[in-house]
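Numbering of ligands and ligand atoms starts at 1, following listing order. Every heavy atom of this structure was used, including side-chain atoms; hydrogens, water molecules and symmetry mates were not.
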Amino acid sequence: MPDLIRVTVWNEFRHEQQDGAVRAVYPDGIHEAIAAPLRRRPDLQVRTATLDEPENGLPAEVLESTDVLIWWAHVAHAEVCAEVCERVHARILEGMGFIALHSAHNCTVLKRLLGTSCRLKWRDIGEKERLWVIEPGHPIAEGLGEYFELPCTEMYGERHDIPPPDQTVFISWFAGGEVFRSGICYFRGAGRVFYFRPGHETFPIFGDENVQRVIYNAVRWAAPVAGPTPVFGNVEPLEQLRADG
Ligand code: ZN
């Protein structure tokens, strides 16, 4: 893990500009609400980017200097240009961490990484969610209790059409009866991918201390590792092999 982790918080930033109810919860945008607590961490260097900036806020030089990319999106997945999606996907395989939040379950990059529809059940009436930590030794669970609760959330329910996660850290229960794999990890190429469910735009989810803790832990977990560079293709044997058997 690098001494200073360079984090880019990316947000499509549409609801906050178009919907007063969302702006009331996130007056500076969801990206700033996610970034603010991360900026207080001395081991992180944090910047933000949004969809309507040139190259959707993610030109090559930004991605090349990003260790972990956090992604919030909902209504504008199709507006992220194909070249940017390709660039983000390639950087993840190279080793950039990727954290997809809430409705980013449906974003192009995550669907491409997972290879399934990523569809799910949902209901937006503001019900209670209880997130159970089911891997207490996982770095993303550091500092949490056995469970934590969000009093008022949008429900996401199983089945979530995803491949079996490499690691499942949280399972959610909702007051309406559904359950959901709400914190899941995948390894893709040299990159680490974490999907975290909470984050609906009309509730102050990103002000919750446990949610902030999970995102910070996930940034540290997803940060690139100075591992070996794999060699592909035809290679000479490492041992001397006898040709005559
Ligand atoms: Zn939502």
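Annotation: ring-ring contact (aromatic ring centres under 6.0 Å, His included) contacts of Phe180 (sequence neighbours excluded): Tyr156, His160.
A salt bridge does not link Arg220 with Glu142: none of the charged nitrogens is closer than 4.0 Å to a carboxylate oxygen. Here Arg6 does not pair with Glu64 in a salt bridge; the nearest charged N to carboxylate O distance is not below 4.0 Å. Between Arg213 and Glu209 there is no salt bridge, since none of the side-chain N atoms of the basic residue sits less than 4.0 Å from a carboxylate O of the acidic one.
Taking distances strictly below 2.8 Å, the protein N/O/S atoms close to the Zn ion (ligand 1) are His102 NE2, Glu154 OE1, His200 ND1.
Between Trp72 and His74, the ring-plane angle classifies as perpendicular under the 30° and 60° cut-offs. Note on ring orientation: taking the six-membered ring where Trp is involved, the planes of His102 and His200 are perpendicular (angle over 60°, cut-offs 30° and 60°).
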